[in-house]
Structure formats: C-alpha cells, structure tokens
Number of protein chains: 2
Amino acid sequence: MKKKTIAVDMDGVLADIEAHLIEYYNEANGTTLTRESIQGLSEEDAFVERDLLRGILNKENFFRNLPVMDDAVESLRQLQENFEIFIVSAATEFPVSLAEKIFWLEEHFPFIKWENIILCGSKRIINTDFMIDDHPKNLDHCMGKPIMFTAFHNVNKTHHLRVNNWKEVVAVLNETLN
Amino acid sequence: MKKKTIAVDMDGVLADIEAHLIEYYNEANGTTLTRESIQGLSEEDAFVERDLLRGILNKENFFRNLPVMDDAVESLRQLQENFEIFIVSAATEFPVSLAEKIFWLEEHFPFIKWENIILCGSKRIINTDFMIDDHPKNLDHCMGKPIMFTAFHNVNKTHHLRVNNWKEVVAVLNETLN
C-alpha cells in the first residue's frame with residue numbers, strides 16, 4: 001500500500017529556533033527577552049524590531065547552527081517506516097538560509113533524501129496527508145490533516161490538533177495506522 | 001473568483017539551460033555537442049559523463065547567468081492577470097543553485113514574490129491546476145493538467161499536451177478561461 005505523506009516544517013518543529021533567536025535578538029537590541037517572557041505573544045509582539053529580526057534571519061550560519069529539537073531524529077526515522085516524509089520549510093524569503101537548510105538536514109537527518117526536501121514560500125499548494133507546523137497560518141488552509149507543534153506564539157490557539165513534542169507526534173501519527 | 005494556479009518550471013522553461021549546458025560540457029569534456037546533435041536523446045544519452053554534468057550544475061554562477069527563454073517575462077506577466085503563478089523548480093539536489101535561482105528570478109521576474117517560489121526535489125506533492133514542465137517524469141504524476149514544454153530530450157514524447165514556446169503557453173492557458 002502506498003504510504004501516507006507527511007509535510008514536516010523545519011523552524012520550530014525540527015530545529016529549535018526559539019532560543020537562538022532570543023539570544024541573537026537580545027544581543028543586537030539590548031533587550032532581555034526569555035522563553036518565558038514571550039510565551040503567548042505573536043511573533044510581531046515578541047520581536048518588535050522587524051528589520052532587526054530580518055537581519056538576524058539573513059545572517060550567514062544562523063540556520064546552519066540551529067540545535068535539533070529533542071527526539072526529532074529518532075522520531076522521523078521511526079515514522080519513515082510507515083509514512084513518506086517531506087520536509088517543507090518556508091525559506092525563499094531568506095536566500096542565505098536555503099543551502100544552509102540543506103546542509104543542516106544532511107548533517108542531522110541523512111536519511112532524508114534531497115527529493116523529499118521542499119524550500120518554499122507559501123505552503124498553499126503543498127498536498128500531503130498530514131502537515132506538522134507551528135504556524136497556524138500554514139495549517140489553516142493545508143490540504144491534509146493539520147497538526148500544530150507547540151511554540152511560544154501558538155500556545156493560545158486551539159483550532160488545530162496540538163502536539164507538544166516529538167513523542168506526541170509519533171503517537172498521534174501511529175494512531176492513524178490502526 | 002479564485003484564480004487557477006500554475007506551477008512553472010525554471011530550467012528548460014523559464015531559463016534557457018540547453019545552450020549553456022552544451023557549452024560548459026563541451027569545454028570540460030572536449031566534445032562537440034550541438035543543439036541539433038542531441039535532439040531526441042535522453043539527458044543521460046546526451047550528457048554521458050554524469051559526474052562531469054553534476055559538477056557543472058554545482059558550479060557557482062551556472063544558474064545565476066542563464067539566459068531567459070524568449071517571451072517568458074512578458075508571458076508570465078500577462079498570465080498573472082488571470083492565474084496565480086508559482087515557480088516550482090527541482091533544485092535541492094544542487095545547494096549552490098538555490099540562492100542563485102532566487103536572485104535570478106528577482107532580476108528577471110521581479111513581479112513574482114518569494115511566497116510563490118518553490119525549490120523542491122520531487123514535484124509529487126505539488127498541487128496546482130496546471131503544471132508546465134519539460135520533464136515528463138514531473139508531468140506524469142502531477143495533480144493538475146500537465147503541459148509539456150519542448151526540450152531536446154522530450155521531442156519524441158507524445159503523451160502530454162505539447163507547447164513549443166511561450167506564445168503557445170499563453171494561447172493554451174487563455175483558452176481555458178473561455
């Protein structure tokens with residue numbers, strides 16, 4: 001039987017972008033944001049200096065050095081047995097990030113082939129059976145079943161199935177096999 | 001009414017990769033391929049030294065400097081009035097090409113926003129109403145209506161609607177509006 005497909009987001013789902021972003025932003029802006037202080041804020045309200053934020057996201061090696069989210073490697077490897085995994089990352093806004101994201105995936109997820117990596121803008125024309133993302137804007141119009149991965153900016157959103165970590169992702173998806 | 005969507009390939013469709021590839025390949029390999037001599041051959045039979053080919057496609061500035069296909073700019077601009085255009089390029093195999101493709105599009109097609117650019121591997125999960133591509137392998141399983149743009153390697157394929165140039169693309173697509 002043809003495996004069902006999953007679109008997996010990178011930043012905030014496979015890559016732990018939050019701590020890095022806070023650190024770079026504080027350093028550049030003299031602020032004292034913490035993971036706790038931005039809980040429940042929108043990205044715009046958490047990082048109010050938008051140009052500064054864009055500068056950070058365009059910096060060389062920012063994306064290349066992001067830490068991997070807990071349990072993500074083992075979970076994807078496990079899910080790959082029963083699902084076809086596509087990595088789908090909104091990245092074309094930041095050209096410097098593009099090659100870095102490929103190299104980051106090659107390093108941490110060598111079992112994901114280039115054929116299954118998609119660097120896009122809007123995710124509106126992506127058609128997979130499941131989509132795992134931290135951004136409601138990507139999930140709201142997705143063609144498959146949306147799964148919202150917890151991030152500071154979505155903790156108050158309740159209109160999608162929520163998962164808090166990779167162990168929960170695996171449990172939710174394996175449940176669909178029964 | 002919501003505009004219908006078109007996925008537009010880059011190499012061989014928006015970008016005239018053929019002449020450039022032949023030139024680089026001949027120079028590196030001492031061969032005398034011409035546009036005429038490779039007509040009807042598969043890519044594998046036209047460019048038999050696969051590692052050499054991969055080296056060319058991984059070279060800095062190869063994709064950045066490709067010429068634009070005749071009438072492509074004006075045609076996309078016109079089509080954009082009635083369709084939503086997504087650029088969908090298989091590119092993740094060649095990380096160097098990724099940022100170059102964005103900059104190339106910014107230069108020649110500034111009216112295409114980053115949100116509508118997708119750099120992918122397989123195009124199997126792309127869901128648009130139309131797909132314009134020179135590779136039958138991308139068109140064979142596409143979810144929308146396939147439109148095959150003529151290239152040396154597909155001249156003997158007959159199982160998709162063929163267009164030979166951008167004027168024919170516009171005619172075929174405008175016809176669907178009636």
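Chain letters run A, B, ... following the sequence lines, proteins first and then strands; every chain starts at 1. None of the values given here were measured: they were computed from a predicted structure.
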For the candidates B:Glu93, B:Lys101, B:Met143, which exhibits the highest count of non-hydrogen atom pairs separated by less than 4.5 Å from chain A?
B:Glu93
Counting only heavy atoms closer than 4.5 Å, note whether B:Phe94 contacts chain A via side chain, backbone, both or neither.
neither
Please work out which of the three classes, parallel, tilted or perpendicular, describes the rings of B:His153 and B:His135, given edges at 30° and 60°.
parallel
Determine the interplanar angle of the B:Phe47 and B:Phe152 rings, folded into 0 to 90°, and report it as parallel if under 30°, tilted if 30 to 60°, perpendicular if over 60°.
perpendicular
So, do B:Val170 and B:Asp71 sit near enough that their side-chain heavy atoms are less than 4.5 Å apart?
no
Counting heavy-atom pairs under 4.5 Å with chain B, the top scorer among A:Thr92, A:Ile117, A:Leu98 is A:Thr92
So, the part of B:Ile102 with a heavy atom under 4.5 Å from chain A: the answer is side chain
Contact part of A:Glu100 toward chain B, heavy-atom cut-off under 4.5 Å: side chain, backbone, both or neither?
neither
Quick one: are A:Phe62 and A:Val96 in side-chain contact, heavy atoms under 4.5 Å?
no
Is it the case that more than 12 heavy atoms not belonging to A:Asp51 sit under 6.0 Å from its CG atom?
no
For the interface with chain B, which of A:Ile125, A:Ile118, A:Asn116 has the highest count of heavy-atom pairs at distances below 4.5 Å?
A:Ile125
